[in-house]
There are 2 protein chains.
Amino acid sequence: MARTVSDVIRVRYDTLTRAERQLADSLLENYPVSGLGSITAVAENAGVSTPTVARMVQKLGYKGYAEFQSHLHQELEATISNPIAKHDRWASNAPGTHILNRFADAITANLRDTLSELDTATFEAAATLLRDRERSIYFVGGRITGSLAEYFFTHMQVIRPKTTLLSNNSSAWPQHVLNMRAGDVLVIFDIRRYEQEMATLAEAAVAAGVVIVLFTDAWRSPVAAHARHVFEVRIEAPSAWDSSVVTLFVVEALIEAVQSATWEETRERMSVLEQLFERSRLFRRPGRNGRAG
Amino acid sequence: MARTVSDVIRVRYDTLTRAERQLADSLLENYPVSGLGSITAVAENAGVSTPTVARMVQKLGYKGYAEFQSHLHQELEATISNPIAKHDRWASNAPGTHILNRFADAITANLRDTLSELDTATFEAAATLLRDRERSIYFVGGRITGSLAEYFFTHMQVIRPKTTLLSNNSSAWPQHVLNMRAGDVLVIFDIRRYEQEMATLAEAAVAAGVVIVLFTDAWRSPVAAHARHVFEVRIEAPSAWDSSVVTLFVVEALIEAVQSATWEETRERMSVLEQLFERSRLFRRPGRNGRAG
DNA sequence: GTGAATCTGAAAAAATCTCTTCACTCCGCC
DNA sequence: GGCGGAGTGAAGAGATTTTTTCAGATTCAC
């Protein structure tokens with residue numbers, strides 16, 4: 001059963017006429033803000049007449065334009081209201097609000113800013129590199145970001161062979177570089193404060209023909225000079241520490257992009273891994289639910 | 001300089017009259033959706049007359065109600081529009097959309113749902129436990145969530161003494177339990193699929209008088225039975241894997257809650273740590289910027 | 001090519017909204 | 001107590017919006 005206005009529009013899209021589709025497209029184009037103005041403004045914006053708007057909303061099952069718009073308002077409310085902030089919006093934007101609210105606001109803004117600056121071509125290119133089973137993939141992070149590198153590695157290790165996690169102790173890096181071949185991929189996490197050794201590592205790797213994918217912040221790590229693909233992530237938080245939430249977001253999206261494109265091959269790996277888990281108590285024993293956690 | 005409508009209202013709040021404040025409160029109560037209807041609806045909703053609304057918006061510097069509302073629309077647009085989705089909203093909610101969009105939608109929903117169900121008392125209680133320097137804090141996670149435990153640990157280690165990260169190899173856990181004292185805190189990450197050993201560990205720890213703080217998902221780990229404080233986090237993502245983004249969000253908020261409440265003590269630790277970094281190449285050498293990354 | 005059905009927008013009618021006027025109330029001050 | 005100023009909402013004028021009507025345009029079938 002269709003619930004949101006946009007759902008209703010999509011479900012009934014086939015039954016719409018030319019001018020109505022034009023209107024529907026306009027509404028969905030910048031949904032739901034585009035439907036917030038007067039019927040006149042909406043009509044003008046879509047390049048149709050006001051009767052067309054009035055007719056369509058009734059055709060969609062609303063009693064009139066007012067009811068249609070009221071539905072949009074309710075949707076907006078459900079979408080934007082921060083549930084904790086809700087019961088005390090007044091205080092919520094003032095200083096001294098609950099940390100969770102301030103964090104939620106900051107992270108939402110970070111996500112938005114990051115996505116708006118993120119080039120989908122970069123994303124696709126990185127995903128393509130990571131799903132290429134001919135290449136070995138190396139992961140490395142700093143003191144804080146090491147956990148992110150590990151998280152990424154843990155997933156990729158299940159999905160594909162030839163994955164290696166570099167410890168975040170730089171003394172062990174040279175041996176790894178020795179093993180790297182041209183075409184291999186080195187995924188580096190380098191958020192301020194940037195670590196000198198990281199740039200050195202990158203330089204050495206590039207000299208060996210390795211392709212570098214870098215996760216950094218808006219101030220850009222010096223590694224960027226050596227990287228082929230750079231993910232610039234927003235990390236500001238109302239905290240003494242930077243936030244890795246959005247970085248993790250991009251990592252997870254990449255994991256899924258790699259996974260879904262190579263599902264056939266991955267499935268086999270996962271089922272073998274599953275059996276190993278089941279068989280041996282030396283490995284972690286899985287619970288009953290259906291996913292890897 | 002005030003920018004958003006809500007800022008303007010707050011800045012001028014002192015200059016408002018009784019009925020106007022009543023209106024302002026109503027507007028901020030469910031900002032900005034409450035300001036989306038007609039001037040009549042807004043007035044009715046706030047329990048004031050329409051002239052009061054008309055007067056106030058002019059007093060706030062808008063030419064009329066129309067201009068006032070148009071500002072709200074612009075704010076809403078900036079707030080809700082997913083920048084990538086924006087240029088192709090139509091496709092954005094349909095299956096087959098870019099992974100980044102689908103992830104962004106899912107994570108936003110997860111964050112909202114998690115926050116709405118999260119008890120701030122639980123949050124405060126957990127933060128209070130973690131900032132108590134008399135207690136030792138232990139962190140443990142599973143195969144995937146181990147990285148989150150490590151991330152949490154890495155920060156807490158800087159902030160306070162007596163923090164320990166348990167490896168995610170369960171064979172090493174018994175020795176750790178041996179060291180735990182009554183009142184110590186064990187932070188457990190257990191997301192589906194739940195690991196049997198985790199519940200065993202929790203049970204043993206509780207028997208030793210340890211307080212357990214648990215991060216789990218909506219299906220609740222069996223550890224929940226032993227935990228004093230449970231964070232139930234949404235993990236659904238349009239992926240074969242679960243999302244840890246919101247879990248990390250809560251962790252970061254907790255870190256800040258602990259950090260800010262004990263800043264005086266933490267500062268000293270951080271500056272000592274800083275000197276250690278500077279002094280020895282055996283440790284990671286920091287970059288030039290002002291934060292720990 | 002003709003006719004019927006459908007679609008569309010101009011225009012007018014009806015409804016609603018925005019804004020202004022104005023009288024009343026409230027409160028402090030003399 | 002009465003005066004003056006500020007605040008408030010009822011009422012209505014004017015503007016705008018929403019809805020309906022209707023005639024021309026378009027499409028499709030035959």
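Chain letters run A, B, ... following the sequence lines, proteins first, then strands; residues in each count from 1. Because the structure is predicted, anything quoted here is derived from the model rather than measured.
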note: Glu67(A), atom CD; dT16(C), atom C1'; distance rounded to Å ~ 17 Å

Winner on side-chain proximity to Ala54(A), out of dT20(D), dT8(C), dT8(D), is dT20(D)

Check your understanding: Does OP1 or OP2 of dT8(C) have a side-chain N or O of Thr52(A) closer than 4.0 Å?
Key -> no

note: Leu23(A), atom CG; dC7(C), atom P; distance rounded to Å ~ 15 Å

Below 4.0 angstrom from OP1 or OP2 of dT20(D), is there any side-chain N or O of Gln58(A)? yes

Against the side chain of Tyr65(A), the closest entry in dA10(D), dT18(C), dT19(D) is dT19(D)

From CZ of Arg18(B) across to P of dT25(C) the rounded distance in Å is 15 Å

Lys63(A) NZ to dT18(D) P, in whole Å, measures 16 Å

Taking it one step at a time, do Asp217(A) and Arg234(A) satisfy salt bridge (Lys or Arg N to Asp or Glu O under 4.0 Å)?
CA-CA 6 Å; Asp217(A) 53 40; Arg234(A) 298 287 172 150; over 6 Å; no

Give a yes-or-no answer on whether the side chains of His155(B) and Glu256(B) include a donor-acceptor pair shorter than 3.5 Å.
no

**Prompt:** Would a distance-only check, ignoring hydrogens and angles, find a side-chain to backbone donor-acceptor pair under 3.5 Å from Glu232(A) to Leu118(A)?
**Reply:** no

Are OP1 or OP2 of dT8(D) and a side-chain N or O of Thr17(B) less than 4.0 angstrom apart? yes

Whole-Å distance, Met56(A) CE to dC7(C) P, equals 14 Å

Taken to the nearest whole Å, CZ/Arg21(B) to C1'/dT8(D) is 16 Å

Arg55(B) has its side chain closest, among dT21(C), dT8(C), dT18(C), to dT21(C)

Closest to the side chain of Thr40(A), out of dT17(D), dC19(C), dG9(D), is dT17(D)

Between CD1 of Ile39(A) and P of dT16(C) the distance, given in whole Å, is 14 Å

Are the ring centres of His229(B) and Phe123(B) closer than 6.0 Å? no

note: Gln69(A), atom CD; dC17(C), atom P; distance rounded to Å ~ 11 Å

- request: On the 0 to 90° scale, with breaks at 30° and 60°, tag the Phe189(A)-Phe152(A) ring pair as parallel, tilted or perpendicular.
  value: perpendicular

Closest of dT8(D), dT18(D), dT18(C) to the Ser38(A) side chain is dT18(D)

